[in-house]
Amino acid sequence: MPNSRAEALKNEGNKFFKSGDYNAAIQKYSAATEVDPTVPAYWSNMAACYEKVSQFEKMEEASRGCIKADKSFVKGYFRLATALKNLNDLEGCIKALESGLAVDSSNADLKRMKKELTELQRGETVAAYLRKCEEQTANGDIAGAYKTLELASRLDAGNPDIERMMSRVKPKYDRMEAQRKASLSPDEVHKERGDDAYKNAQFEGAIDHYTKCIEGLKRRGEGQSDLAMKAHSNRAACYKQISNFDGVIEDCTAVLEVEPDNVKALVRRAQAFEGVERYRFALQDIKTVLSMPREKVGKANVDMCNMMQHRLNRTVQQLKSGNC
């Protein structure tokens, strides 16, 4: 049963709200929450008043009180999102909207605001890319400017500002690329063609180019050069895509003989060892990665290696006990 005193205070607050006396309404709603803090409507109404007087930090507090009172009260999430948007906390705003949509996925207000926020974020990101492109162009970093515009285009294809900037940058970039490619050695040409083939999911073709690159370098006694290591690493990635695990192991081993702490090669080889059921070797590579500094390995690799270690330990134990 609703508390009669709290309800009376809410009704008084409603009258003040309708008359436009929002500060008086806030006092009544606040008093209602003191009598019974478990009713979300009191908090929600108070948040609405704070919105009217542009006190968005107070609105955020009231909205959080609303959600605490009843996590299924969807309006509380909308109020919180509105407050955070006005406080320029767009990330927090989107989280609030997503939390509300988890309660009611069909809520029109939440869906509309999320769409607006997503568009706003996209626009801000594109604007930031354009500013960065201007700076890169002014500093003579044409390659960087072109890559920045490509990122912007992926977010907002057809944007006239992006196209205008691209018309200035692309001719310069194309000239630079033509000069750069003209100066490449045959081995570097094969490496780049392999990269292009890989991006287009033409893995067999990419393998052919990387192999020609590696063989050419070996003939010149450069089989352990940086270019050779990149070609081995990229060819291993191709072999992984076509499930040629022996090829992955061979190429990753070639890299690790020169760069024993290469995280990518260790992880990739561990996955390949697991693929050919050489579990102890896989476990050894995973343990090597997990013994490295976390900042060198990266969170995503640490999480993946922890899962692999758990799985591999279980498999190895099953093999020892004869259950596998």
Side-chain angles (χ1 to χ4, degrees), residues 1-131 152 154-156 158-159 161 299 303:
M1 288 288 294
N3 183 287
S4 58
R5 173 61 183 152
E7 283 294 299
L9 288 165
K10 183 195 80 169
N11 291 334
E12 290 176 32
N14 290 347
K15 291 177 182 178
F16 283 123
F17 185 91
K18 289 176 182 177
S19 68
D21 191 347
Y22 303 117
N23 289 316
I26 287 169
Q27 292 179 1
K28 296 299 180 180
Y29 294 136
S30 179
T33 64
E34 291 175 8
V35 175
D36 187 354
T38 66
V39 178
Y42 305 158
W43 296 98
S44 178
N45 290 2
M46 182 162 51
C49 291
Y50 281 125
E51 181 182 6
K52 291 291 187 181
V53 295
S54 299
Q55 294 186 28
F56 297 110
E57 289 181 355
K58 292 286 188 180
M59 183 184 184
E60 178 187 354
E61 291 178 15
S63 301
R64 292 191 187 281
C66 178
I67 294 168
K68 183 178 179 180
D70 186 352
K71 290 183 171 59
S72 66
F73 193 78
V74 176
K75 190 175 286 186
Y77 299 99
F78 182 78
R79 300 281 194 216
L80 177 59
T82 300
L84 293 173
K85 180 182 177 182
N86 282 280
L87 291 169
N88 291 318
D89 182 359
L90 299 187
E91 184 178 346
C93 178
I94 287 179
K95 286 182 180 178
L97 292 169
E98 289 174 345
S99 296
L101 287 167
V103 175
D104 181 2
S105 61
S106 63
N107 186 277
D109 290 333
L110 295 175
K111 289 170 72 175
R112 186 188 70 255
M113 184 181 282
K114 186 178 180 184
K115 183 179 179 181
E116 290 172 356
L117 260 290
T118 302
E119 288 297 316
L120 180 61
Q121 277 193 318
R122 185 175 70 168
E124 289 186 349
T125 302
V126 168
Y129 278 141
L130 289 171
R131 288 193 298 271
R154 290 174 197 167
L155 287 176
D156 194 3
N159 181 302
D161 293 328
K299 183 181 183 301
D303 292 344

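The figures here come from the full heavy-atom set of this structure, side chains too, leaving out hydrogens, waters and symmetry mates. Positions are given from 1, in the same order as the sequence printed here.
- Scanning both residues, Pro37 and Ala69, for their nearest heavy atoms gives O-CB, 3.4 Å.
- How far CZ of Phe56 is from CG of Asn88: 10.0 Å, rounded to the nearest 0.5 Å.
- Counting heavy atoms from C-beta on, the side chains of Lys75 and Pro40 never come closer than 4.5 Å.
- Counting non-hydrogen atoms of neighbouring residues, nucleotides and ligands closer than 6.0 angstrom, the CZ atom of Arg112 exceeds 12 such neighbours.
- Expressed to the nearest 0.5 Å, how far CG of Asn86 lies from OG of Ser54 amounts to 7.5 Å.
- Side-chain atoms of Asp104 never come within 3.5 Å of backbone atoms of Gly100 as a donor-acceptor pair (strictly under, hydrogens ignored).
- In this structure, Glu98 places its CD atom where more than 12 heavy-atom neighbours from other residues, nucleotides or ligands lie under 6.0 Å away.
- At a threshold of 4.5 Å between non-hydrogen side-chain atoms, the residues Asp303 and Lys299 count as touching.
- Atom CD in Glu124 sits 12.5 Å away from atom CG in Leu155 (nearest 0.5 Å).
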- Hey, mind stepping through Glu12 and Lys15 against side chain to side chain contact (heavy atoms under 4.5 Å, CB included) and telling me if it holds? CA-CA 5 Å; Glu12 290 176 32; Lys15 291 177 182 178; 5.6 Å; no
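- A 4.5 Å side-chain heavy-atom check between Gln121 and Ile94 finds at least one atom pair inside the cut-off.
- Closest non-hydrogen pair, Tyr29 versus Phe17, comes out as OH-CB, 3.9 Å.
- In terms of modelled atom types and a separation under 3.5 Å, the side chain of Trp43 and the main chain of Arg64 share no donor-acceptor contact.
- Residues Tyr42 and Asn3 approach most closely at OH-O, 4.4 Å, considering heavy atoms.
- Here the side chain of Ser105 pairs no donor or acceptor atom with the backbone of Ala102 at under 3.5 angstrom.
- Here the straight-line distance linking atom CG of Leu117 with atom NZ of Lys85 works out to 5.5 Å at 0.5 Å rounding.
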query = Checking salt bridge (charged side-chain N to carboxylate O under 4.0 Å, His left out) for the pair Glu119/Arg122: CA distance, chi angles, key distance, verdict?
reply = CA-CA 5 Å; Glu119 288 297 316; Arg122 185 175 70 168; 2.8 Å; yes
- prompt: Checking side chain to side chain contact (heavy atoms under 4.5 Å, CB included) for the pair Asn14/Lys10: CA distance, chi angles, key distance, verdict?
  reply: CA-CA 6 Å; Asn14 290 347; Lys10 183 195 80 169; 4.0 Å; yes
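- The backbone N or O of Ser63 lies less than 3.5 Å from no partner atom in the side chain of Arg79, so there is not a single donor-acceptor pair.
- Atoms CG and OG1, from Leu97 and Thr82 in turn, are 8.0 Å apart once rounded to the nearest 0.5 Å.
- Under the 3.5 Å distance criterion, the side-chain polar atoms of Asp89 are matched with a main-chain donor or acceptor of Gly92.
- The minimum heavy-atom distance linking Gly13 with Ala25 is given by the pair O-CB, 3.4 Å.
- Distance check, rounded to the nearest 0.5 Å: CG of Leu84 to CG of Leu90 gives 9.5 Å.
- Asn107 approaches Asp109 most closely through the heavy-atom pair OD1-N, 3.1 Å.
- The minimum heavy-atom distance between Met59 and Ala47, with the atom names listed, is CG-O, 3.4 Å.
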